[in-house]
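The next block holds one structure in the form of structure tokens; read it before the comments.
Ligands are counted one by one from 1 in listed order, and the atoms in each one are counted from 1 as well. Remember, predicted model here, so these are calculated numbers, not experimental data.
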Amino acid sequence: MPAVGFKVPIMLFIMAIAVAISGYFTLSDSVEEQSRLQQQSMTPAFDLVTEELVKPLHTAQILANTQTLRRLMAAKTIDDNALLDLVKRMSMDYNMDFFVASENSRKQYNADGSTLALKEGEVEWYFRIKQQSMNVAAALGNRQDIHIYFDVKVFNDQGTFLGFIGVGKRLKTFLEAFDRYKDSFGYDFVFVDHNDDVVLASDPELLADGKRILSVEQLSWFQALSAQQKTLPSLNNTIVKTANFTSLIAQIDLKALHWKLYLITPLSSRKDASTNAYTSHTSFVLLIIFVVFVTAHLIIRFFEHEPSKKHQLDPLTQLHNRAHLQWRFDKVARANQAASLIMVDVDNFKHINDTRGHNVGDKVLIEIAQLLQSELREHDAIARWGGEEFVILLPATKLDKAQSIAQRTCTKIAQRPLQLVGEESLAVSASFGVTYTAQVRSLERLVKVADDALYEAKHAGKNCVRVHKLS
Ligand SMILES: Nc1nc2c(ncn2[C@@H]2O[C@H](COP(=O)(O)OP(=O)(O)OP(=O)(O)O)[C@@H](O)[C@H]2O)c(=O)[nH]1
């Protein structure tokens with residue numbers, strides 16, 4: 001088998017293919033995982049902004065254009081009850097807290113049925129927003145239970161200002177949801193208005209409270225942007241790096257309000273998530289590589305140690321050859337078993353060949369091979385060692401047992417003359433040399449000692465058994 005020569009290149013080839021496949025799948029998995037994480041973290045934020053901010057604002061904008069509201073607000077003398085009824089109905093229909101502020105009556109009509117006088121110097125927002133050119137405004141209020149109020153101007157058909165329709169949204173749920181997202185995805189959010197002032201943020205320190213308004217330019221991540229990044233029309237998908245952190249910025253524009261929402265994700269948390277995915281994937285691929293490697297190694301080893309079929313059998317006697325016996329001996333040695341070894345040599349074989357011819361000599365060899373094999377146990381091994389020589393390996397067999405097997409076989413050969421077709425029977429005998437080892441030794445050494453014993457048997461007159469102990 002050319003196994004040793006091919007083993008290293010085959011292993012390298014398998015490893016190269018495995019690493020290439022692993023690299024390909026890891027890379028594509030990593031890209032997929034990144035996209036999934038991006039989607040997973042952004043979707044809830046979009047949902048929340050749409051549900052809590054965009055929807056109420058758009059609803060108020062639609063209601064500002066309804067004829068019923070404009071008719072009631074355009075009356076010289078406002079019908080307080082009719083306006084209160086309308087506000088109540090709208091609030092119930094849309095499940096939001098609407099209010100109406102009337103220019104003609106200078107009153108605010110609330111969904112809970114209350115009214116509030118809009119006096120200059122007392123209700124600051126009304127007079128401030130009224131002066132602004134924008135038709136929509138947002139303001140935060142109610143310190144104890146923070147609300148965001150969207151105020152949409154209402155005009156009559158001639159463009160005369162009639163007041164506001166507003167909707168107030170409790171921000172507690174909004175902020176709580178963002179706290180949960182912050183825990184799960186690590187991101188912060190900052191809303192900034194048209195002046196780039198922070199109006200709302202997940203970090204309570206940044207919340208505008210009317211007394212202290214922070215500009216986005218004062219925030220550490222904004223300051224870390226490069227001069228070129230600051231000139232970009234949108235900071236969406238911008239990566240900002242400082243000595244302490246690397247963050248990914250997402251920007252959502254709330255055009256109606258002229259607000260911007262920044263979501264700031266620290267990339268370390270992303271890296272952790274994708275590193276975990278990468279690690280588990282790579283571990284799996286490495287496990288497969290390991291299994292493939294071990295399997296290939298075992299297969300190659302099997303072929304290395306398993307002599308091929310054509311080398312296993314002697315064509316004449318159909319007994320195994322030397323290579324096979326060596327393989328069997330190595331197994332016994334690896335198992336640290338004791339073993340006996342018998343060497344058998346046909347007596348006066350040259351004479352048989354010379355007097356009866358080679359064909360008869362061959363027949364003698366075949367007959368003796370069959371007889372020897374029939375005397376052996378299942379776990380014994382026999383091989384044709386040379387011309388008329390045979391070697392028998394008896395694993396886990398003590399010397400006296402091996403000797404008695406040899407003696408019994410020797411007697412049987414001598415007692416069973418060979419019957420030849422058309423010829424008189426032929427008396428054949430064989431000599432036996434036996435040895436034993438209790439511990440692992442080389443096959444050559446065992447054969448040498450058994451051969452010495454055999455030599456002694458030949459000198460003792462042949463057709464007998466001699467035993468030599470290993471020194
Ligand atoms: N017919 C036949 N003869 C073989 C084969 N292989 C070897 N021989 C012959 O076996 C003979 C062995 O002769 P020797 O080594 O002198 O041994 P021997 O005649 O048995 O003498 P002792 O071993 O002392 O009994 C040689 O003549 C070989 O040519 C074979 O496959 N077939």
The closest protein heavy-atom partner of atom 31 (O) of ligand 1 is R384 NH2, 2.8 Å

Contact (N/O only, under 3.5 Å) between G361 and ligand 1 = no

Derivation and outcome, side chain to side chain donor-acceptor pair (under 3.5 Å), residues D197 and S215 = CA-CA 4 Å; D197 288 333; S215 163; 4.6 Å; no

Relative to each other, are the rings of H194 and H258 parallel, tilted or perpendicular (30° and 60° limits)?
-> perpendicular

Considering only heavy atoms, which of N353, N359, V364 lies nearest to atom 29 (O) of ligand 1?
-> N353

Any N/O of L365 closer than 3.5 Å to an N/O of ligand 1?
-> no

A student checking ligand 1 against D362 at a 4.0 Å heavy-atom cut-off should list atoms 1 (N), 2 (C), 30 (C), 31 (O), 32 (N)

For atom 18 (P) of ligand 1, the protein heavy atom that lies nearest, with its residue and separation = F349 N, 3.5 Å

Which residue owns the protein heavy atom closest to atom 25 (O) of ligand 1, what's the atom, and how far is it?
-> N348 N, 2.7 Å

Indicate yes or no: does K448 engage D452 in a salt bridge with an N to O separation below 4.0 Å.
-> yes

Considering only heavy atoms, which of E388, H351, K350, H358 lies nearest to atom 15 (O) of ligand 1?
-> E388

Is the centre of the H351 ring less than 6.0 Å from the centre of the F349 ring?
-> no

If you have a sec, work out which protein heavy atom is nearest atom 7 (C) of ligand 1 and how many Å separate them, to one decimal?
-> G387 CA, 3.5 Å

Regarding T437 and R445, is there a side-chain donor-to-acceptor distance under 3.5 Å anywhere?
-> no

Nearest neighbour in protein (non-hydrogen) for atom 24 (O) of ligand 1 | K462 NZ, 3.5 Å

Please state which protein non-hydrogen atom is closest to atom 22 (P) of ligand 1 and give its distance, to 0.1 Å?
-> K458 NZ, 3.6 Å

Which of the atoms of ligand 1 are close to V346, meaning less than 4.0 Å from one of its heavy atoms?
-> 20 (O), 23 (O), 25 (O)

Residues that N135 engages under side-chain contact (heavy atoms from CB on, under 4.5 Å), provided they are two or more places apart = K153, F155

Would you check, one step at a time, whether the test side chain to side chain donor-acceptor pair (under 3.5 Å) holds for D345 with S431?
-> CA-CA 5 Å; D345 188 289; S431 300; over 6 Å; no

Distance-only donor-acceptor check, side chains D330 and Q326, under 3.5 Å = yes

